[in-house]
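Quick notes on the structure that follows.
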Amino acid sequence: MFGYDIKKATVSDLHKGLKNKDFSALELAKAYLSRAKELQPKLSAFITLCEESALEDAKKADERIYKGEGTLLTGIPLGIKDNICTEGVRTTCASKMLEDFIPPYSATAAERLKAQNVVLLGKTNLDEFAMGSTSETSFFGGVRNPYDESRVAGGSSGGSAAAVAAGLCPVALGSDTGGSIRQPAAFCGVTGIKPTYGTVSRYGLVAFASSLDQIGPIGRNAEDCAFLLNAIAGADALDATCSTLPRPDYTSKLGKSINQYVVGVPSEFFGDNISDEVKCAVHQAAKELEKLGCTVKTVSLPSLKYAVAAYYLLSSAEAASNLSRYDGIKYGHRNTDGVTYEEQLCRTRSEGFGWEVKRRIMLGNYALSSGYYEAYYKKATQIRAKLRTEFEELFKGCDMLLTPTAPTTAYSMGKAEPNPVATYSADICTVTANISGLPAISTTCGYDSKGLPIGMSLIGRAFDEATILSVADRFEQTFERKEAAI
Amino acid sequence: MFDTKLAAHLATLSKLEFTKEELERITEEMDSIVALMDTVSDFTETNGQERAVLVSLSELRDDAPIPSMERETALANAKNKSETFFKVPKVV
């Protein structure tokens, strides 16, 4: 019916097919829903599949297309990470605390996509409250990697990345606070971009760390990410931290020459903590970028060694504050056997939150508490300022920085939880972009000896997503991707 | 050193309850996590810059009332409510 495997279809492919009436949005939605349902027991990529409403969305998309009023994204099926509010559609944050929460409003990013008549296939699985890098902490069960079902999909946007990699939807929305779009994109062999802080409205994104969170797209390639970013980016009166700067067309540099760009490779990102296979793949990618015309040079980011600690102090402190709202009164899980208000409150939270969330709340309150604030939280804010200064210096001589996205490829399920320090330390490659607010994209640059994807990241100047998208896109034209066999 | 007394204090601040076994577990884990956080102690701030302004806040809207949320909508997700308000255990 479609003439090609929907598992490999991009937004461009599908848009062409819809426009040419090779198939309808309804037929497309049914095909993706069928595949999503078939693979749900294996991957757990979704928390909620919106079967009925997806078909209604598709019918509305078809009406618009037949009138000749469709946009690029009209009729395109997508998944939305389940920490992004969707009015009338359960939004759980993968937590018992919000197991039956139905938002009374939609996130701005979701509304903007709905305005183009995309088809919401379902809400994708994640680490609970976006805290984690494996998607195993989900109350609804962990997400499995389409390349190897015994391994994690990464996190926290593991469901979105796995869904795109397995061809359950061509694009998805994720969120990124410390690497949660880029790392699962790397583990699942797809492309994901964390925009500059302030590019996409956070209204309706359930808050984890308000100075770090950003919604961003995950797709099969950089071009699809650019299409989605065009749709969701822009000023929003409902989010005071959303920049009012005019947004460019994020596709404007795609297909253009990249040989004017200087790519810096910070040596500190290639230490002993990075696996040899990852280092080799990223160095190979650097050579490929040189062949494509870029100038590649070694640079230094000396404060990288403080980044993980600073990130966890800042993000946990903000999370401890943000998650104070979960008291069981206005929404969410509520304990029923507590007698006093205090009892009910503490039991509600203890019953509703999983272990990793509790750990982060404890760490956050530790960092903020009397006697520790100066040594921890205040220090972390100073490190943040220092890292921003170091990046500004680097960008005087480079247009972007090339780093691994993660120290290793996807690990086996069950490895992360018993060893939180090792798991936190593995965020070393991603957290600096969040701390400094800079845009960063991950795309696949290799496969390890087991066939697991390896991701490379390009970190760009603030609000210069178009440049890193164009370089990632150009790299993807020459790189031969291997599909997940699932 | 992170001990159970500190863990219990933080649990109170966090409005969390732990069993005895859970408290021991979280104490052990927090001890190793705090050791990782202690990396920041080596950092010396040199130029008086404490925190960077990431993005300036957008303009505020006029201080004029606009439609908010219908009462029924606001109450829809509550587990214990009347027709007009959220019900809570007695606090006074």
Side-chain angles (χ1 to χ4, degrees), chain A residues 101-102 104 197-198 211 235 237 239-244 303 305-306 308-310 312-313 320 324 327-332 334 338-341 343-347 349-350 353 358-359 361-363 365-367 369 375-376 378-386 388-389 420-421 424-425 437, chain B residues 2 6-7 9-19 22 25-27 29-61 69-70 72-81 86-92:
Chain A
F101 175 66
I102 312 282
Y197 183 84
S211 75
D239 175 5
T241 65
C242 193
S243 172
T244 53
S303 294
K305 59 186 175 218
Y306 305 113
V308 167
Y312 274 95
L313 290 166
S324 295
D327 58 10
I329 304 300
K330 296 181 288 298
Y331 47 78
R334 182 165 175 159
V339 174
T340 64
Y341 176 78
E343 256 178 20
Q344 192 170 96
L345 173 64
C346 291
R347 289 181 194 183
R349 290 166 62 79
S350 303
F353 291 138
K358 289 180 195 173
R359 209 155 48 191
I361 292 172
M362 291 278 281
L363 176 60
N365 281 324
Y366 175 72
S369 61
Y376 290 106
K378 189 171 171 181
K379 265 288 173 77
T381 64
Q382 292 168 351
I383 292 167
R384 174 179 224 163
K386 187 71 165 72
R388 284 176 63 81
T389 304
V421 170
Y424 293 175
S425 299
Chain B
F2 200 97
L6 179 53
H9 168 63
L10 289 174
T12 303
L13 291 179
S14 305
K15 301 297 181 200
L16 292 172
E17 276 184 359
F18 293 102
T19 64
E22 286 175 337
R25 179 186 165 192
I26 197 116
T27 300
E29 289 176 0
M30 289 296 296
D31 193 46
S32 59
I33 291 169
V34 166
L36 174 63
M37 299 302 112
D38 281 335
T39 314
V40 302
S41 63
D42 292 340
F43 176 81
T44 309
E45 187 277 312
T46 51
N47 64 1
Q49 192 179 14
E50 272 195 12
R51 66 183 78 194
V53 176
L54 295 176
V55 64
S56 33
L57 297 182
S58 304
E59 290 173 13
L60 301 177
R61 67 177 175 89
M69 187 181 286
E70 297 293 326
E72 197 181 313
T73 308
L75 288 169
N77 281 289
K79 296 285 190 306
N80 200 346
K81 60 194 176 195
F86 302 102
K87 286 188 181 174
V88 300
K90 198 169 174 182
V91 291
V92 176

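Residue numbers begin at 1 in each chain, while the letters A, B, ... track the order of the sequences.
When each of A:Ala235, A:Ser324, A:Ala310, A:Gly332 is scored by its heavy-atom pairs under 4.5 Å with chain B, the top score falls to A:Gly332. Contact tally against chain A (heavy-atom pairs below 4.5 Å) for B:Lys81, B:Lys87, B:Lys90: the top residue is B:Lys87. Across B:Thr44, B:Thr73, B:Leu36, the residue that shares the most heavy-atom pairs under 4.5 angstrom with chain A is B:Leu36. Put simply, of B:Thr12, B:Val40, B:Thr39, the one with the most heavy-atom pairs under 4.5 Å next to chain A is B:Val40. Interface summary for chain A: among B:Glu70, B:Lys79, B:Arg25, B:Glu29, the most heavy-atom pairs under 4.5 angstrom belong to B:Arg25.
Looking at B:Leu6, the atoms closer than 4.5 Å to chain A (heavy atoms on both sides) all sit in the side chain, from C-beta outward. For A:Ala320, no part lies near chain B; criterion is any non-hydrogen pair under 4.5 Å. For a residue to count as touching a neighbouring chain, one of its non-hydrogen atoms must lie under 4.5 Å from one of that chain's; by this rule A:Thr340 touches chain B with the backbone only. At a 4.5 Å heavy-atom cutoff, the contact between B:Phe86 and chain A is made by side-chain atoms alone. With a 4.5 Å cut-off on non-hydrogen atoms, B:Ala11 touches chain A through its backbone and its side chain both.
For the pair A:Pro104 and B:Asn77, the tightest heavy-atom approach, listed with the atom from each and the gap, is CD-ND2, 4.5 Å. Closest approach of B:Ala78 and A:Ile329 over heavy atoms only: CB-O, 3.7 Å. Of all the heavy atoms in A:Arg334 and B:Val88, the pair that sits closest is NH2-CA, 3.6 Å. Contact detail for B:Glu17 and A:Arg347: the closest heavy-atom pair is OE1-CG, 3.4 Å. What you find for B:Asp42 and A:Tyr306 is that their closest heavy atoms are O-OH, 3.7 Å.
B:Met37 is listed as a side-chain neighbour of A:Leu363, based on a closest heavy-atom distance under 4.5 Å. A:Tyr424 is listed as a side-chain neighbour of B:Ile33, based on a closest heavy-atom distance under 4.5 Å.
Once rounded to the nearest 0.5 Å, the distance linking NE2 of B:His9 with CE of A:Met362 reads 10.0 Å. Separation of atoms CZ (A:Arg349) and OG (B:Ser14) is listed at 7.0 Å; rounding is to 0.5 Å. Note that the CG atom of B:Asp38 and the NZ atom of A:Lys379 stand 10.0 Å from one another [nearest 0.5 Å].
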